[in-house]
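Take a look at the structure below.
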Amino acid sequence: KPTPKPPPLINRGYHSRVATVRAVLDAFLDATFEFDAAGDDGVMPRGDDGDHQTPIKKSRQIVSLGAGFDTNYFRLNETMMTKDTKQSQVQLKYVELDFPSLIETKAKVINATGVLKEIVGTEGLKRILSASSYSAPRREPDSCFFSNDENGEGKSHYFLAGCDLRDVRSLTAALEKTNLDPKAPTLFLSECCLAYLSPQDAGGVLQWASRWGRINESKDQSIDTTNDKSHNRNNRNNEYLRTYFAYDPVVLGPARSDKFGEQMLLNLTARGCPLLRCEGEGAVFGLDGLTKQFEQSGWRRVGSIDMLAATDRLGEDDEPEMRRVMRLEPLDEVEEYRLIQKHYAIVWGVCRDGDEGGDADTLEKVISRRTRQAL
């Protein structure tokens, strides 16, 4: 049977969500950071004339938490394969994390679908085997898969890894099976994910992402290197640059203060998927609550906006696109749609170990500008 078409109210919401996430991912790949100009030793390479030269490839990493059956990687791969685009200069590593059972199913779907299998390599996704804890020579199957190397460099670019977001140790273990570099510019992405975790578990994920791979190294306080540019460049290997971008349903306040949010909680609970972040001790409400949770988890330059404001800007900044959407998905109950959009939000933060200026400023401006203006 054909899948029933969702009502315009739902499709409009999906459109604004997809447009937002795509804009942010594209901006992250398009941006240029100081990190891109530094070689492996932290020193910018020079040409024959002594001028700094920009490397051909920019290293970027995206970690999608609770990825489900999302297809962002395949869209980005197609864009990067197109010549004469900014993203064609990007060397991307993409990791998707979710429950092991879902990862197993998704890997099977990809390997059984010709066009998708071709993108991840002629042999499809391969399973990563891990050593048994009680028998080192024995190898046990794990819900972790990697793409074939198509460039002959011995490096995979796409990973699926099974884990439980409620246990940050499983998150660490999952990324240890990949070839991600904690020092490379990294974007953590979650869509409709954190809201379904308890306040403590959601905060744990955010804190884990801000600290992932960081090593506290002792510094010689007796030497003043503040104005030593060469020293700063050579220490770039000790710095980290990452951002977290989340899209989630949000309740604006406790019971009785937000009637629509209260009903949304009841409906989702009846379906077996309660918004746990809005319940119990430390419950998170509204944009202020989301911002505070990010800041308490180690993120800086935190920003947030509800999807109503984001959608309104779509009409202001891209009128042809809005007219196209309105023609395809006409709405009778506009007020209901606006009320729903008010109860979805996006929030982001930036984290950098080392100098708080430079790349951190650039990354914050890239995310906030594309979030507020691309829509």
Side-chain angles (χ1 to χ4, degrees), residues 2-31 62 64 67-80 82 85-87 187 189-195 243-252 258-261 263-264 267-268 286-287 290-291 302-348 363-375:
T3 303
K5 179 184 176 182
L9 196 68
I10 301 299
N11 284 338
R12 285 274 195 100
Y14 277 134
H15 174 268
S16 60
R17 168 183 172 178
V18 171
T20 303
V21 173
R22 286 186 175 183
V24 169
L25 295 185
D26 289 343
F28 176 67
L29 298 187
D30 291 345
I62 296 175
S64 180
F69 289 94
D70 181 75
T71 57
N72 268 311
Y73 169 75
F74 297 97
R75 182 188 69 85
L76 293 174
N77 182 80
E78 182 179 6
T79 304
M80 289 186 296
T82 304
T85 66
K86 289 184 179 180
Q87 291 184 20
L187 184 148
L189 170 69
S190 63
E191 301 179 58
C192 292
C193 176
L194 298 182
T243 184
Y244 198 114
F245 185 83
Y247 169 97
D248 276 301
V250 60
V251 176
L252 306 184
D258 177 16
K259 291 296 184 181
F260 183 91
Q263 189 60 49
M264 182 170 69
N267 292 342
L268 290 172
L287 297 181
L290 295 174
T291 299
V302 178
S304 59
I305 187 174
D306 64 55
M307 291 306 296
L308 173 59
T311 305
D312 285 344
R313 289 190 174 94
L314 173 60
E316 298 172 2
D317 299 334
D318 194 344
E319 292 184 7
E321 173 66 5
M322 178 55 74
R323 287 196 296 268
R324 183 185 75 87
V325 173
M326 293 175 64
R327 185 173 62 253
L328 293 174
E329 303 291 346
L331 281 177
D332 293 327
E333 299 295 334
V334 177
E335 287 305 316
E336 183 182 4
Y337 170 73
R338 295 178 66 83
L339 187 58
I340 291 175
Q341 290 294 80
K342 190 73 175 177
H343 286 80
Y344 282 84
I346 48 181
V347 56
W348 62 91
L363 184 53
E364 189 275 334
K365 291 176 182 177
V366 165
I367 300 299
S368 63
R369 182 174 64 250
R370 288 301 291 268
T371 300
R372 290 190 168 99
Q373 296 180 0
L375 281 177

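Fair warning: this is a prediction, and the values are worked out from it, not measured in the lab. Residue numbers start at 1 and run along the sequence shown. Just so you know, these numbers use all the heavy atoms, side chains as well, and skip hydrogens, waters and symmetry mates.
- Residues Val347 and Leu287 have side chains not in contact (no heavy-atom distance under 4.5 Å, counting atoms from C-beta outward).
- Using a 4.5 Å heavy-atom threshold, the side chains of Tyr344 and Thr20 count as separate.
- Using a 4.5 Å heavy-atom cutoff, the side chains of Asp312 and Gln341 are not in contact.
- Remark: of the listed residues Leu76, Val24, Thr79, Leu76 is the sole one forming a side chain to side chain contact (heavy atoms under 4.5 Å, CB included) with Leu29.
- Within 6.0 Å of the CZ atom in Phe69, the count of heavy atoms belonging to other residues, nucleotides or ligands exceeds 12.
- Contact record, Val250 with Gly286: CG2-N, 3.5 Å, taken as the closest heavy-atom pair.
- In this structure, the separation between CG on Asp248 and SG on Cys192 is 6.0 Å, given to the nearest 0.5 Å.
- Of all heavy-atom pairs between Pro6 and Asn11, the closest is O-ND2, 3.2 Å.
- Judged by distance alone, the side chain of Asp258 and the main-chain N or O of Val251 form no donor-acceptor pair under 3.5 Å.
- If you take CD on Glu333 and CG on Leu339, they are separated by 11.5 Å, rounding to the nearest 0.5 Å.
- Within the 4.5 Å cutoff, the side chain of Ile62 has no heavy atoms near those of the Asn72 side chain.
- With a 6.0 Å cutoff to the six-membered ring centre and a 45° limit on the axis angle, Arg12 counts as a cation-pi contact of Tyr337.
- Atom CG of Leu25 and atom CG of Leu189 lie 5.5 Å apart (nearest 0.5 Å).
- For the pair Asp26 and Arg75, the salt-bridge criterion is met [side-chain N within less than 4.0 Å of a carboxylate O].
- Here the CZ-CG distance, from Arg338 to Asp306, works out to 9.5 Å after rounding to the nearest 0.5 Å.
- Between Ser190 and Tyr244, the shortest heavy-atom contact is OG-OH, 3.0 Å.
- Taking CD from Glu335 and CD1 from Ile340, the interatomic distance works out to 11.5 Å, rounded to the nearest 0.5 Å.
- Side-chain contact between Leu252 and His343 is present, with at least one heavy-atom pair separated by less than 4.5 Å.
- Taking a cutoff of 4.0 Å between a charged side-chain nitrogen and a carboxylate oxygen, Arg324 and Glu321 qualify as a salt bridge.
- Rounding to the nearest 0.5 Å places CD of Glu336 at 5.0 Å from CG of Leu9.
- When all heavy atoms are compared, the tightest approach of Met264 to Pro249 is CE-CB, 4.5 Å.
- Contacts of Phe74 classified as ring pair (Phe, Tyr, Trp, His ring centres under 6.0 Å), with partners at least two apart in sequence or in another chain: Tyr158.
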